[in-house]
Trainee: 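Handing you a structure now.
Note that the coordinates shown come from a computational prediction; the quantities given were computed from them, not determined experimentally. A note on names: the letters A, B, ... follow the listed sequences, proteins ahead of strands, and every chain is numbered from 1.
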Amino acid sequence: MLNIYQTNKVRIISASQESVDTKLLRLEFIDSEIKKNFHFLPGQFVQIGLPGWGECPISICSSPNDSETFFELAIRDIGVLTNKLNSLSAGDCVDIRGPFGNGFDVDLFKGKPLLLVGGGCGFVPLRPLIIDYLAGRLESKTLQILYGCASEETMLFKKNHAAWNRRAELKVILEKPSTNWKGDRGLVTDLLGRIKISAQTVAVLVGPPVMYRFVIKELKHKKLSDENIILSLEKRMHCGIGVCQHCAIGPFYVCKDGPVFRWLDIKDYYSL
Amino acid sequence: MNNEIQVFLNKLSEEFFLFAPQQDGAVINIKEVRDIGDVDWSGRMPTNTWKALFLPAREKMFDISDGRLVKSKTSQPKIAAIGVNVVDLKALTLLELVFSRDVYYQERRCNTLIIGYSSSWPNDYKKYKIFSHNFEEDILEHLIFDIFIAQFAVGRMKIYSGSEKGQHILEEGGIKDYEHIEFAGPISEKGPDKKMLLLKKKMESSQGKRIWHELNKICIACGKCSINCPTCFCFDLEDSVDPDNPERVRKWGSCFYNDFSLVAGGGKELDTVSKKIFFWYYHKFVRIPFEYMMPGCVGCGRCSKVCPVGIKIEEVLKKV
């Protein structure tokens, strides 16, 4: 019988410092059959772990289009395991289970203006959507990206920002920037008030719970429907398959029924 | 218990470790059988549950060797769970569904024989509405068991098999006079349990009700109810840090414990006692019925008995 808890080994192709506390790991499965058959959707996650150190859920931040060659995880150093993972370098191996979760239903974006709102390290799962949009694989009408984080030091995917801004509209706002920062200062919700958002827009939000509270309020103000507000939630998880109960929200499991939910479906179970 | 069964169980003990309810001081506890004569056939509810035999409080999943997870080779002992009452069989039927894809549960289950038992009706049978139904069709068809012994009245008894394994063991044990019952799934032909649907509806709209604020002041979040509940199956996966014995284990979890919903960075969804106890009730009365169309509470009353501050589940349900 298949053991759903058995992990597979991946090799770190490269480990680059993405921000002061986050590393970008580019990974590939050692077993060529597994590597060939590893397919995922934007918004899905894997359980990454090291025997003896445990496992934790991390969203995949590369495009599904590259899945047969590599996939990427941005790991923020925040606990014992992530600290250990970030001490590894190219050639080292880690364990993976997954992919898990539903991912984004990109059909919902077809022909509509798409707004991505990311806060802090919550920005990570939005990257595959941006890459796919720029490559013409996402059929949304337009793409606006709002990204809020603490400072220049913690900003993610800096190298990509210029390219993203060419075909999409990217706005970054920093809460506590250095004196050299020329851009916006404040919270991501401050940006919402400054841009034009049509009522037909589909908004995808990923960030801390406090961000959801203010962003949803603002989007409702802009007349977005509950079915067009999409969230990706972060919860404690152990099994990844909807059994252990840690990630339950109302009748759903974030690991299995989520992490992506329409606001319409979870607003009764999620306290803002 | 009659002689035929005693002889059968004695023969069974040559192949299986027997576990059964037994008098243990003032209470009935499920424990290993040393003498068949010690088995309690009174039908009283045991204090502890059967779940530890199917889902151990701590089990090794993997050995860690050279940085790799190697599935634990420990072979599962052959265990016979004897005298499992109808209420506890309901709980095991639920576990069977929840862990249907779990190799550890399934390997253990392959080596476990479940022998259900009902004595003549319990004194407080009115609490258990199921006893007024047709026994074979309304009850036994919807429960997981290998063998079932029904004691209808003094001296009169009927034996059923519920699986091929059960049939085989009965035949080998010299018992030919039995009837086979094919498991027809956990849900009755008449549809899902009406009481379950009613409670689900009440629970779904109960958030913010006064009862949860009342419980916030009373409940001490000790988790005894979840440990003693036959259907509580939350678990944690954990790596042992013992350098001599590195392993990945699965341990019982409890939604009452502080780290249950803790995420990296310190955030916690269940940050009040009220939220924890609501989560517990919601799992039993909404989430399990939603997922499995089965009640998440089998009505054994263990949680009420063990609660150190006297929270009674039946009283809480009246107020939701």
Trainee: Test B:R302 against every option in B:N48, B:N228, B:D88 by the side-chain hydrogen bond (donor to acceptor under 3.5 Å, both in side chains) rule and name the one that passes.
Mentor: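 Answer to the side-chain hydrogen bond (donor to acceptor under 3.5 Å, both in side chains) test with B:R302 among B:N48, B:N228, B:D88: B:D88.
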Trainee: If you count heavy-atom pairs under 4.5 Å with chain B, which of A:D268, A:T82, A:V243, A:I4 comes out on top?
Mentor: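 Between A:D268, A:T82, A:V243, A:I4, the count favours A:V243.
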Trainee: Please classify the contact of A:L2 with chain B as side chain, backbone, both or neither, using a heavy-atom distance under 4.5 Å.
Mentor: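 The backbone, not the side chain.
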Trainee: Under 4.5 Å heavy-atom distance to chain A, tell me which part of B:D102 shows up: side chain, backbone, both or neither.
Mentor: both
Trainee: Hey, what's the ring geometry for A:Y5 with B:Y104, parallel, tilted or perpendicular (30° and 60° as the breaks)?
Mentor: tilted
Trainee: Considering residues at least two apart in sequence or located in another chain, which fulfil the salt bridge (charged side-chain N to carboxylate O under 4.0 Å, His left out) criterion with A:D21?
Mentor: A:R76
Trainee: Counting heavy atoms not belonging to A:K158, are there more than 12 under 6.0 Å from its NZ?
Mentor: yes
Trainee: Are there residues of residues 31-47 of chain A whose heavy atoms fall under 4.5 Å of chain B's heavy atoms? If so, which?
Mentor: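 Heavy-atom contacts from residues 31-47 of chain A to chain B are absent.
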Trainee: Does the pair A:F29 and A:F71 meet the rule for a ring-ring contact (aromatic ring centres under 6.0 Å, His included), with working shown?
Mentor: CA-CA 9 Å; A:F29 284 95; A:F71 65 102; 5.6 Å; yes
Trainee: Select one option (side chain, backbone, both, neither) describing which atoms of B:R250 are under 4.5 Å from chain A's heavy atoms.
Mentor: side chain
Trainee: Between CD1 of A:I230 and CG of A:L264, what distance do you get to the nearest 0.5 Å?
Mentor: 10.5 Å
Trainee: Which class fits the ring pair B:F99 and B:Y105: parallel under 30°, tilted 30 to 60°, perpendicular over 60°?
Mentor: parallel
Trainee: Identify whether NZ of Lys or CZ of Arg in A:K220 sits under 6.0 Å from the centre of the six-membered ring of A:W263 and within 45° of that ring's axis.
Mentor: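 No; the conditions do not both hold, so A:K220 does not lie above the ring face of A:W263.
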Trainee: If the contact rule is any heavy atom under 4.5 Å from chain A, which residues of residues 257-291 of chain B qualify, in numerical order?
Mentor: B:D259, B:F260, B:S261, B:L262, B:V263, B:A264, B:G265, B:E269, B:F279, B:Y282, B:H283, B:R287, B:F290, B:E291
Trainee: Check whether B:F62 gets within reach of chain A through its side chain, its backbone, both or neither, counting any heavy atom under 4.5 Å.
Mentor: side chain
Trainee: What part of A:D95 is in contact with chain B, defined as an atom under 4.5 angstrom from a non-hydrogen atom: side chain, backbone, both or neither?
Mentor: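 Side chain of A:D95 only, per the 4.5 Å heavy-atom cut-off to chain B.
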Trainee: Decide whether a cation-pi geometry holds between A:R127 and A:F157; the criteria are a distance under 6.0 Å from NZ or CZ to the six-membered ring centre and an angle within 45° of the ring axis.
Mentor: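 Yes, cation above the ring, under 6.0 Å and within 45°.
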Trainee: Between atom CD1 of A:I229 and atom CG of A:L219, what is the distance when rounded to the nearest 0.5 Å?
Mentor: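 Reported value, rounded in 0.5 Å steps: 5.0 Å.
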Trainee: Taking 4.5 Å as the heavy-atom cut-off, does anything in residues 198-220 of chain B contact chain A, and if so which residues?
Mentor: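 B:Q207 fall under the 4.5 Å cut-off.
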Trainee: So what's closer than 4.5 Å to chain A heavy atoms on B:R101: side chain, backbone, both or neither?
Mentor: both
